[in-house]
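To start, the structure itself, in structure tokens.
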Amino acid sequence: MRPHVEVVGIDSLILRLFERIDERNMPWLLAATERLRESFGAALVDLVPSYTTLLLQYDLLQLDDRQARERIAQAFEDLRPASEAAGRELQVPVWYHPSVGPELTGLAERSGLGISGVIARHSARSYPVFALGFAPGFAFMGLVDECLASPRLGTPRQRVAPGSLGIADRQTAIYPVESPGGWNLIGRSPATLFDRNLEGYSLLRPGDRVRFVPVERDEFIRLGGNDSPFEVTP
């Protein structure tokens, strides 16, 4: 494997490894991340994995562009993922319900699965975390079953409650904090996704695999969830 390297800043490079999003990319991206950390050592400032790329920032006081590219080439020599399953396996509880997931009913009708079918289909597989972004602790996961794929809302909401679980195209994610958002909401989780006491401040990390576990309202509340009904914002 040889990445295509692009300059995006005086001290930053984008390494393009793949052309399209695929769950099978993650073991390779994580293996490359580990190799690059070893190769750059103290000269590495930041390394951010995403769907198909790695953003690498290095210390200009220690390396120039030529030396950075040499270390990249070194890191990719005979690169192989440690295994097909990379990262941690986590279970995240979710209360799937129209009162906190306003698009759940519409998705149930559009897919022909009914609400119980949507819940069963969405929670039936584990999802790799492709990237973190948009908001602290916001993990882009996928890919959902094609029958659940839903385009983003035409007009994003001004406020989405923390813990809201949504779908956009074939990706799924939980909003870690209150924020604007245009994803199709189908439920809510009591999990704390952004916490300054966590390593990297985020419960989820690229390469993790997440399975959503349906829970009833009482269990959702016992786990600390907020069952306040979704409110439409102007």
Side-chain angles (χ1 to χ4, degrees), residues 18-26 50-52 90-191 193-194 203-204 206 208-217 220 225-234:
F18 301 99
E19 295 299 322
R20 65 185 187 90
I21 298 173
D22 193 307
E23 295 181 20
R24 293 170 292 184
N25 296 350
M26 289 311 302
S50 187
Y51 303 94
T52 59
L90 297 99
Q91 294 188 342
V92 176
V94 172
W95 179 39
Y96 295 88
H97 195 273
S99 68
V100 292
E103 276 73 59
L104 179 59
T105 300
L107 178 55
E109 294 174 353
R110 187 169 64 251
S111 65
L113 296 171
I115 289 179
S116 61
V118 169
I119 296 172
R121 194 69 62 94
H122 188 265
S123 61
R125 62 173 66 181
S126 61
Y127 301 97
V129 176
F130 290 122
L132 299 179
F134 172 65
F138 190 99
F140 293 87
M141 295 172 272
L143 299 167
V144 301
D145 193 296
E146 290 186 0
C147 68
L148 302 180
S150 304
R152 288 171 172 79
L153 302 180
T155 302
R157 297 182 170 102
Q158 293 184 16
R159 294 194 304 273
V160 175
S164 295
L165 172 65
I167 294 174
D169 300 316
R170 293 193 65 193
Q171 297 181 95
T172 190
I174 296 175
Y175 287 80
V177 295
E178 182 179 289
S179 67
W183 291 39
N184 300 269
L185 307 182
I186 61 173
R188 192 176 291 171
S189 174
L193 301 182
F194 174 68
L203 173 65
L204 305 178
D208 287 346
R209 299 192 69 87
V210 177
R211 182 178 291 273
F212 297 111
V213 180
V215 297
E216 297 298 329
R217 175 177 173 273
F220 170 75
N226 180 357
D227 67 342
S228 299
F230 174 81
E231 295 182 3
V232 177
T233 55

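All values below come from the heavy atoms of this structure, side chains included, with hydrogens, waters and symmetry mates left out.
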Show me the donor-acceptor pairs within less than 3.5 Å that the side chains of residues 179-187 make with the rest of the protein, sequence neighbours left out.
residue	atom	partner	partner atom	Å
N184	ND2	P151	O	2.9
N184	ND2	I167	O	3.0

Minimum side-chain heavy-atom gap V92-V213 below 4.5 Å: no
Heavy-atom side-chain contact between D208 and P128 under 4.5 Å: no
Main-chain N/O of P93 paired with S189 side-chain donor or acceptor, under 3.5 Å: yes
Minimum-distance pair of heavy atoms, taken over all atoms of A168 and R152: CB-CG, 3.7 Å
Side-chain donor-acceptor pair present, E216, Y96, cut-off under 3.5 Å: no
Non-hydrogen side-chain atoms of S150 and L107 separated by less than 4.5 Å: yes
Shortest non-hydrogen contact between V177 and P162, atoms and distance: C-CG, 3.9 Å
Sub-6.0 Å ring centroid separation between F220 and H97: no
Inter- and intrachain pairs under salt bridge (charged side-chain N to carboxylate O under 4.0 Å, His left out), touching residues 94-110, at least two apart: E103-R157
Spacing of CD1 belonging to I174 relative to CZ belonging to F194, to within rounding of 0.5 Å: 16.0 Å
Minimum side-chain heavy-atom gap Q171-Y51 below 4.5 Å: yes
Separation between CD1 of I115 and OG1 of T105, rounded to the nearest 0.5 Å: 4.0 Å
Exam field: side chain Y127 to backbone H122, donor-acceptor pair closer than 3.5 Å: yes
Closest non-hydrogen atom pair, D227 against R188: C-NH1, 4.1 Å
Side-chain (T172) to main-chain (R170) donor-acceptor, under 3.5 angstrom: no
Test item: R125 and R209 side chains (from C-beta on) under 4.5 Å apart, heavy atoms: no
Shortest non-hydrogen contact between P156 and G154, atoms and distance: CD-O, 4.0 Å
Throw together a table of side-chain donor-acceptor distances under 3.5 angstrom for residues 129-146, partners on residues two or more places apart or in other chains.
residue	atom	partner	partner atom	Å
D145	OD1	C147	N	3.0
D145	OD2	R121	NH1	3.4

Contact summary for R211 and S123, nearest pair of heavy atoms: NH1-O, 3.3 Å
S164 (side chain) donor-acceptor with V160 (main chain) under 3.5 angstrom: no
S50 side chain to T52 backbone, donor-acceptor under 3.5 Å: no
